[in-house]
Participant: 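Submitted below is the structure of interest, expressed as structure tokens.
Note on naming: letters A, B, ... go to the chains in the order of the sequence lines (proteins, then strands), and numbering restarts at 1 for each one.
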2 protein chains.
Amino acid sequence: MSATIRDVAKAAGVSSSTVSRIINNKGVISEETRDRVLKVMKKLDYVPNDTARSFANGSTSAIALVIDVIEARSFSNNFFNNSVFGIETIAHENNFNLIITNGHMQKGNTTSADKLVFGKKVDGIILPNSLISHTLIGKLNKIRFPYVVLGDPRMLDADNSWVDINNVQGGTLAVHHLVENGYKNIAFLSSGSKEIFNQDRITGYSRALNELGLPVLKERIRHCNSDVGSGLDVMSRMFQAEHPPDAAICSDYYLAVGALRAARQNGIPVPEAFGIISFDNTPVTELSEPSITTVDIDTFGLGEQAASILIRKIKDKDMSSRQILISTKIIERESTKRNRRRQDGE
Amino acid sequence: MSATIRDVAKAAGVSSSTVSRIINNKGVISEETRDRVLKVMKKLDYVPNDTARSFANGSTSAIALVIDVIEARSFSNNFFNNSVFGIETIAHENNFNLIITNGHMQKGNTTSADKLVFGKKVDGIILPNSLISHTLIGKLNKIRFPYVVLGDPRMLDADNSWVDINNVQGGTLAVHHLVENGYKNIAFLSSGSKEIFNQDRITGYSRALNELGLPVLKERIRHCNSDVGSGLDVMSRMFQAEHPPDAAICSDYYLAVGALRAARQNGIPVPEAFGIISFDNTPVTELSEPSITTVDIDTFGLGEQAASILIRKIKDKDMSSRQILISTKIIERESTKRNRRRQDGE
DNA sequence: CTAATTAATGCAACCGGTTGCATTAATTAA
DNA sequence: TTAATTAATGCAACCGGTTGCATTAATTAG
């Protein structure tokens, strides 16, 4: 059907080696030959067959992103969403293709990640820490296959490259922001106890309180389900305590909205008497009333970094491993904007 | 490094043809030979090289999804998000890989879509109607390359396969829902005048009003920017009109929130005196207060259908083209839940 | 019992690039 | 002027599967 490199060679009166060298800018080619061949390529609508190319030089110019989605239909995670674009952007700049595959589906005992790696369909792979295991990492390391983990894989002792949001710093930042705005009794509503990101945020929260000389009370740290009802219940109960908190840091917007509603139901004005910070700057936090201050996590940048490291690793297999933490920042909104002068007594 | 089919053949004392036939379940192989070869494959950790395979049989078992993202960093579109999962799910079931590429970036005068198609990196392609042109479609048709368009490509006269949300039906549905709840003077806030989906929704809206014997007033149809401020301004101005609307259908949640705030600022209770429906069932509509009734669009299903058609087309190049419209449905919430008995006078 | 089938497997070409190693012509050094 | 370089290009093997066409052995039909 379409022209091959030999068709071009024949039509231009050269050998296919010459055409190949022209395509790849290798070797020394005379100007006339180059021009003639390029013209023929244009005329024949010649496009090199990428598969043949990959086959010949043993590399695919493709990377894979493995995602961790069990119930695909109900998935709507903007973490994933933005990371993908970061990854795609960098891949694109480096002339790599991005393959996306769900690591949960599998045929027999091989996951799609296995198939892509050992079937040599990709040159490198990005996988979430939720999907890694000693077995898989062991296999990857054994054949020195380039990979980068999304999220700190601290469950493994191995030395490997990863990129994560600095959730410890995020927790600290949230506390500092609240304290600067005059809040002192800060609760933490986590969306689960097992997730490393929740653990890290709590670590940062506790550390900041310590540094500021404020007590870390375990009854102020609550693990909830990730839904409004759970946030509302947990927060309501905290309001009944002897020393109720005057602020809450929430792991996601569901909990933040729940906390907001709990405050309202208890007649506690936000932000005057109660401050709220949510992690993850989503439209809900922006459009809530009052709008909710957030710890913004740069998931696009996360993807960029992951892809960037991976591609460097592909190009230089001897590159040492990298661990990158991406700082968060506060997006200040109404839910913590207490009039500081009044609170500070100035 | 890793074992090839010839290594396996040698170790099992057979020819590589036999091994190939065993891998692909082709031809007739004796039980003993099969067992022996399978054991050797296991022992040598043999995995067929997918690139070599693609090269040999001229098909890649991969499809591409081209996305239309100009400003990647600020992208957060759950339309795309869910569609991808629908596509990936079906691709996976059919042993296809999914490559994602941004159709906007380009080197020279070839887009990434061109490269994937003409470089034969994929067997088929899904592309949004916003990115197609007569040129591209012409080229694809010329080489009979399988493709499916996301969104009705009615700007082309060509006969091609596409999948779209039934936005006309969505507009109709929204009107019916409002009328059933006692609203009669319904405005439409569109997020733009050029987008086909907005045009279709307005068509459905107008058609439903006609059928119900209600007037279609052009001052009730407003094209806004997709932000809260725009929705608020436009709606506020409509409230000043001689015959203000008693309900609004909004193309997205920004406009819906804007309309809601306009109503509040004008002292108009929602849903009692003003009803609001938004397209696209996102967390903002669910968590708004009052919560907002939405026209739910099944973007996951959209992706599934697109991938399904594409893969069938790849397997049967002579398949006639398909056009699929996916119906919307109402998710009823507080913003339209007027007490019907009282309104109906029952 | 011989001829015609069928079963099981091997041979070798092919898919379309890439690249090490010639080869030839042109240029420079001695 | 001849030998040594350098420039420009060709030859042919190779990457790892797949498959049409033998080939041989075993089975069945006549």
Participant: I need the single residue from B:L65, B:I132, B:T111, B:T101 that forms a side-chain contact (heavy atoms from CB on, under 4.5 Å) with B:L127. Which is it?
Facilitator: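 Single pass found, and it is B:I132.
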
Participant: Between C1' on D:dA13 and CZ on A:R6, what's the gap in Å once rounded to a whole number?
Facilitator: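 Distance check: A:R6 CZ to D:dA13 C1' gives 11 Å.
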
Participant: Ignoring hydrogens and angles, answer whether the base of D:dG16 and the side-chain atoms of B:R53 contain a donor-acceptor pair closer than 3.5 Å.
Facilitator: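 There is none.
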
Participant: Salt bridge between B:D318 and B:R144, side-chain N to carboxylate O under 4.0 Å?
Facilitator: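 B:R144 and B:D318: salt-bridged.
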
Participant: What are the two closest heavy atoms between B:P128 and B:V66, and how far apart are they?
Facilitator: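 Smallest heavy-atom distance, with atoms named: CD-O, 3.0 Å.
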
Participant: Is the phosphate of D:dT18 approached by B:N24 (side-chain N or O, under 4.0 Å from OP1 or OP2)?
Facilitator: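 Checking D:dT18 against B:N24, a side-chain N or O does come within under 4.0 Å of OP1 or OP2.
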
Participant: Would you say A:K26 reaches C:dT18's phosphate, i.e. side-chain N/O to OP1/OP2 under 4.0 Å?
Facilitator: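 No, because none of the side-chain N or O atoms of A:K26 sits under 4.0 Å from OP1 or OP2 of C:dT18.
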
Participant: Which whole-number value in Å describes the distance from B:F55 CZ to D:dG17 P?
Facilitator: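 Rounded to whole Å, this separation is 13 Å.
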
Participant: Quick one: which of C:dT18, D:dT9, D:dT19 gets closest to the side chain of B:S20?
Facilitator: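 Nearest to the side chain of B:S20 among the choices is D:dT19.
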
Participant: CD of A:E31 versus C1' of D:dA8: gap in Å, rounded?
Facilitator: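 In whole Å, D:dA8 C1' and A:E31 CD are 13 Å from each other.
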
Participant: Donor-acceptor check, side chain of A:T89 to backbone of A:F85, threshold 3.5 angstrom: yes or no?
Facilitator: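 Side chain of A:T89 to backbone of A:F85, a donor-acceptor pair under 3.5 Å: yes, one is there.
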
Participant: When the nearest nucleotide of DNA chain D is assigned to B:V47 and to A:T33 on a heavy-atom basis, which residue is associated with the more 5' position?
Facilitator: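 In this pair, the answer is A:T33.
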
Participant: Test for a donor-acceptor pair under 3.5 Å between the base of C:dT19 and the side chain of A:S17, counting only N and O atoms.
Facilitator: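 It does, because a donor-acceptor pair links the side chain of A:S17 to the base of C:dT19 below 3.5 Å.
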
Participant: If only side-chain N and O atoms count, and only distance matters, is there a donor-acceptor pair under 3.5 Å linking A:S161 with A:S321?
Facilitator: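 A:S321 vs A:S161: no donor-acceptor pair found between side chains.
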
Participant: Any donor-acceptor pair under 3.5 Å joining the side chain of A:S15 to the base of D:dT9?
Facilitator: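 Side chain to base: no pair below 3.5 Å.
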
Participant: To the nearest angstrom, how far is A:N25 atom CG from C:dG17 atom P?
Facilitator: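 Going from A:N25 (CG) to C:dG17 (P), I get 17 Å.
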
Participant: What is the base-pairing partner of D:dA7, counting Watson-Crick and G-U wobble geometry with both distances under 3.5 Å?
Facilitator: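 C:dT24 - that is the nucleotide pairing with D:dA7, both distances being under 3.5 Å.
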
Participant: Should C:dA30 form a Watson-Crick or G-U wobble pair with both distances under 3.5 Å, which nucleotide is its partner?
Facilitator: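 Across any shown strand, C:dA30 pairs with D:dT1.
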
Participant: Please give the nucleotide sitting opposite D:dT19 as a Watson-Crick or G-U wobble pair, both distances under 3.5 Å, or none.
Facilitator: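 Pairing partner, where one exists within any strand: C:dA12.
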
Participant: Which part of the nucleic acid does A:G119 contact within heavy-atom distance under 4.0 Å: base, sugar-phosphate only, or nothing?
Facilitator: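 Nothing, no heavy atom under 4.0 Å.
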
Participant: Got a donor-acceptor contact below 3.5 angstrom from the A:S16 side chain to the A:I5 backbone?
Facilitator: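 It does not hold such a pair.
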
Participant: What contact category does A:V19 fall into here, base, sugar-phosphate, or nothing, at under 4.0 angstrom with non-hydrogen atoms?
Facilitator: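 The residue A:V19 makes no contact with any strand.
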
Participant: Figure out the CD1/P separation between A:I22 and D:dG10, and round it to whole Å.
Facilitator: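 Rounded to whole Å, this separation is 9 Å.
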
Participant: Whole angstrom is fine here: how far is it from CG in B:N49 over to P in C:dC15?
Facilitator: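 Distance, rounded to whole Å: 19 Å.
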
Participant: Verify the contact: side-chain N or O of A:T18 to OP1 or OP2 of D:dG10, cut-off strictly under 4.0 Å; return yes or no.
Facilitator: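 So the side-chain polar atoms of A:T18 do come within 4.0 Å of the phosphate oxygens OP1 or OP2 of D:dG10, strictly under.
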
Participant: Can you say whether a donor on the side chain of B:T4 sits under 3.5 Å from an acceptor on the base of D:dC15, or the other way round?
Facilitator: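 Between D:dC15 and B:T4, which were checked side chain against base, a qualifying N/O pair under 3.5 Å is absent.
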
Participant: Determine whether any donor atom in the side chain of A:R21 lies under 3.5 Å from an acceptor atom in the base of C:dG17, or the reverse, and answer yes or no.
Facilitator: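 Absent.
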
Participant: What's the CG-C1' distance between A:D50 and C:dC15, to the nearest Å?
Facilitator: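 Between C1' of C:dC15 and CG of A:D50: 15 Å.
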
Participant: What is the distance, to the nearest angstrom, from the CZ atom on A:F118 to the C1' atom on D:dG16?
Facilitator: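 Between C1' of D:dG16 and CZ of A:F118: 18 Å.
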
Participant: Need to verify one output field. Residue with the more 5' nearest nucleotide on DNA chain C, B:E32 or B:S16?
Facilitator: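 Residue closer to the 5' terminus by nearest nucleotide: B:E32.
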
Participant: Taking N and O atoms by type only, does the side chain of A:T51 place a donor or acceptor under 3.5 Å from a partner on the base of C:dC15?
Facilitator: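 Flag unset: no donor-acceptor pair detected.
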
